[in-house]
Amino acid sequence: RKKIFKSIMENYKLYINGNFKDSSSKNTFTSIDPSTEEPWASFAEANADDVNAAVESAYNAFRGDWSKLFPTQRGQYLRAIGDQLKENAELLGTIETRDTGKMFKETKFQANYIAEFYYYYAGLVDKIEGTTLPIDKPDMQVFTTREPIGVVAAIIPWNSQMFLAAVKLAPALAMGNTVVIKASEVAPAPLFELAKLIDKVGLPKGVINIISGFGEDCGKVLTSHPKVDRIAFTGGVHTAKHIVRNSAENLSQVTLELGGKSPVAVFKDANIDNALNGVTASIFGASGQSCIAGSRLYLEDEIYNEFIDKISSKAKQIKIGPPMEKETQMGPLCTLKQLTNIEEKVKQTVQEGGELITGGERPKEINQGWYYKPTIIACDHHNLPTAEHELFGPVLSVMKFSGEEEVIKLMNDNSYGLAAGVFSENNGTALRVSKAVRAGILFVNTYRLISPVAPFGGFKNSGFGRESGMEVIKDYSRIKTTWINTSKQVMGDPFIIR
Ligand code: NAD
């Protein structure tokens, strides 16, 4: 059986300087289809030599023509990448589903929609202007221009790779930077399919390089590389601390998009059907494998029992199954490690007094794949293991609250601050809570939306910096200030600052 698999395995290579190549060590690693538990693809494993080659290639491309193109010309390349995504959404979706277990409905939709991020920055790039300064000195014409930073190292995890790559690539390229993207060692196939599409677009060689490998041998070398000037990282908090330390080596500007334990509050005056769908989307969408997953639910006293009954009967009806099938609503988890971690945390929570309302086990009817049932646990407080830790799975911890002030306190008693949700038909309540909660993204009477127009990012342990939206393009540039002396006179006393 292994032999048959080997012969039909996909083999992905590193994309460096416009060429697809093996790693210099010839080492490879495999990826496992989470719905079958079978290895299905192998990947070249980049080591320090490969990282150096990728960075050199990006550095040469940066010093070559790329940053000197007109912004409008770079925008045309971005549009061409967007077109490739749209034309190949079906293929990209299939590969991402195979590699990560995420539902095809969503991966195909995403590949198609993510084109809009490239179009957005393509349209924005030639609207970025400098300024002429109202300077407070005589005979001086002073103006600012925005310049690209240099080589960008983009590090991304395995979930939502098209999205997480686009929000880094599009603004970085638009401003004239070049990029080395390191795919996760888990499920990196979607990025290498993207590499094939990017190759078709015919960008100058080295503008985009895509590699995969492990944290120490690849990620660390990349993020501490002396020729890297900017790091855009998405991943876990623990890794983020390494990234910040690595960046001490090259003093790169860093942005960090990290995890979350996002709180959702449902008030007694909420539209209950809407809140039920919102909560379902927040924690069971993508099997809870989303950084903005609403994994802490606070219910107002008066509706607590009713809501628990309704959300648990909704959870029980969720169709778990193969992610390629249309009727499936929840596919498997991406890795066995997540599954066993979730099992352990659920067990501990129950031991410590949590009441398992539904789920809490693998579905018995499926004998293959890393599936886990939608799980709801009632908790007296949010310091129980499932309520405390980011699990990246379909596990909802539910707590009670009474009144606005209490829920604001509870929602802010959180080491993370990525997203939060509020369900209430009272606009005053919704706005006051939204304003008071320390999170980067607030959803009111809805959940789980992304757009190129809307900035995305967190507070506290969820990181810093933003992705998407207009301001972000400036984070991929630096201001240059130019002073021009228009006087006919010789400069005055050179020994004092003027
Ligand atoms: P992870 O932190 O383990 O890995 C992320 C990436 O960092 C991988 O490519 C990995 O190889 C690399 N890496 C590991 N060690 C490194 C090192 N020492 N130096 C440089 N790179 C290194 O994250 P994960 O578990 O794969 O992904 C899930 C995490 O990502 C969750 O916490 C999730 O919330 C977060 N996430 C955040 C967002 C967001 O936009 N805020 C989006 C998606 C996922």
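This one's a predicted model, so the numbers in the text were calculated from it and none came from an experiment. Heavy atoms only: backbone and side chains are in, while hydrogens, waters and symmetry mates are out. Every number for a ligand or one of its atoms is a count from 1 in the order of the listing. This chain uses plain numbering: 1 for the first residue, then up along the sequence.
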Heavy-atom contact under 4.0 Å between Ile292 and ligand 1? no
Can you pull the side chain to side chain donor-acceptor pair (under 3.5 Å) pairs that have at least one residue in residues 153-178, sequence neighbours excluded? Lys102-Ser160, Lys168-Thr234, Lys168-Glu467
Assign the ring pair Tyr447 / Phe443 to parallel, tilted or perpendicular, where the plane angle (0 to 90°) is split at 30° and 60°. tilted
Between Phe20 and Tyr15, how do the two ring planes meet: parallel, tilted or perpendicular, split at 30° and 60°? tilted
If you measure from atom 36 (N) of ligand 1 to every heavy atom of Cys291, Cys334, Ala183, Ala293, which option wins on shortest distance? Cys291
Should the pair Glu116-Lys86 be classified as a salt bridge under the 4.0 Å nitrogen-to-oxygen rule? yes
The protein heavy atom nearest to atom 10 (C) of ligand 1 is Glu185 OE1, 3.4 Å
For atom 44 (C) of ligand 1, what is the closest protein heavy atom, and at what distance to 0.1 Å? Asn159 OD1, 3.3 Å
Test your reading of the structure: does Gly236 have an N or O sitting under 3.5 Å from an N or O of ligand 1? yes
So is Leu258 close enough to ligand 1, meaning a heavy atom under 4.0 angstrom away? yes
Heavy-atom nearest neighbour in the protein, as seen from atom 40 (O) of ligand 1, with distance rounded to 0.1 Å: Phe456 CE2, 3.2 Å
Between Lys314 and Asn277, a side-chain donor and acceptor under 3.5 Å: yes
Please list the nearest protein heavy atom to atom 34 (O) of ligand 1 with its residue and the distance rounded to 0.1 Å. Glu390 OE2, 2.6 Å
Kindly assign one of parallel, tilted or perpendicular to the pair Tyr12 and Trp40, based on the angle between their ring planes and the thresholds 30° and 60°. perpendicular
Check Glu471 with Lys474, please: is the shortest side-chain N to carboxylate O separation under 4.0 Å? yes
Between CG on residue Leu384 and NE2 on residue His389, distance to nearest 0.5 Å: 10.0 Å
Output the list of atoms in ligand 1 that are nearer than 4.0 Å to some heavy atom of Ser184, sorted by atom number. 9 (O)
Would you check whether Glu216 has a nitrogen or oxygen atom less than 3.5 angstrom from a nitrogen or oxygen atom of ligand 1? no
From CA spacing to verdict: side-chain hydrogen bond (donor to acceptor under 3.5 Å, both in side chains), Asn47, Ser24: CA-CA 8 Å; Asn47 58 20; Ser24 54; 3.2 Å; yes
How long is the straight-line distance from CD of Glu193 back to CD of Glu96, given to the nearest 0.5 Å? 11.0 Å
Measure the distance from atom 18 (N) of ligand 1 to every protein heavy atom, then report the residue, atom name and distance (to 0.1 Å) of the closest one. His242 CB, 3.7 Å
What protein heavy atom lies closest to atom 3 (O) of ligand 1? Include the residue and the distance to one decimal. Thr239 OG1, 3.7 Å
Heteroatom proximity flag, Leu164 to ligand 1, N/O under 3.5 Å: no
Consider every N or O of Thr234 and every N or O of ligand 1, then say whether any pair is closer than 3.5 Å. no
When you measure from atom 24 (P) of ligand 1 to every protein heavy atom, which one gives the shortest distance, and what is it? Pro157 CB, 4.0 Å
Closest approach of any protein heavy atom to atom 21 (N) of ligand 1, naming residue and atom: Gly219 CA, 3.5 Å
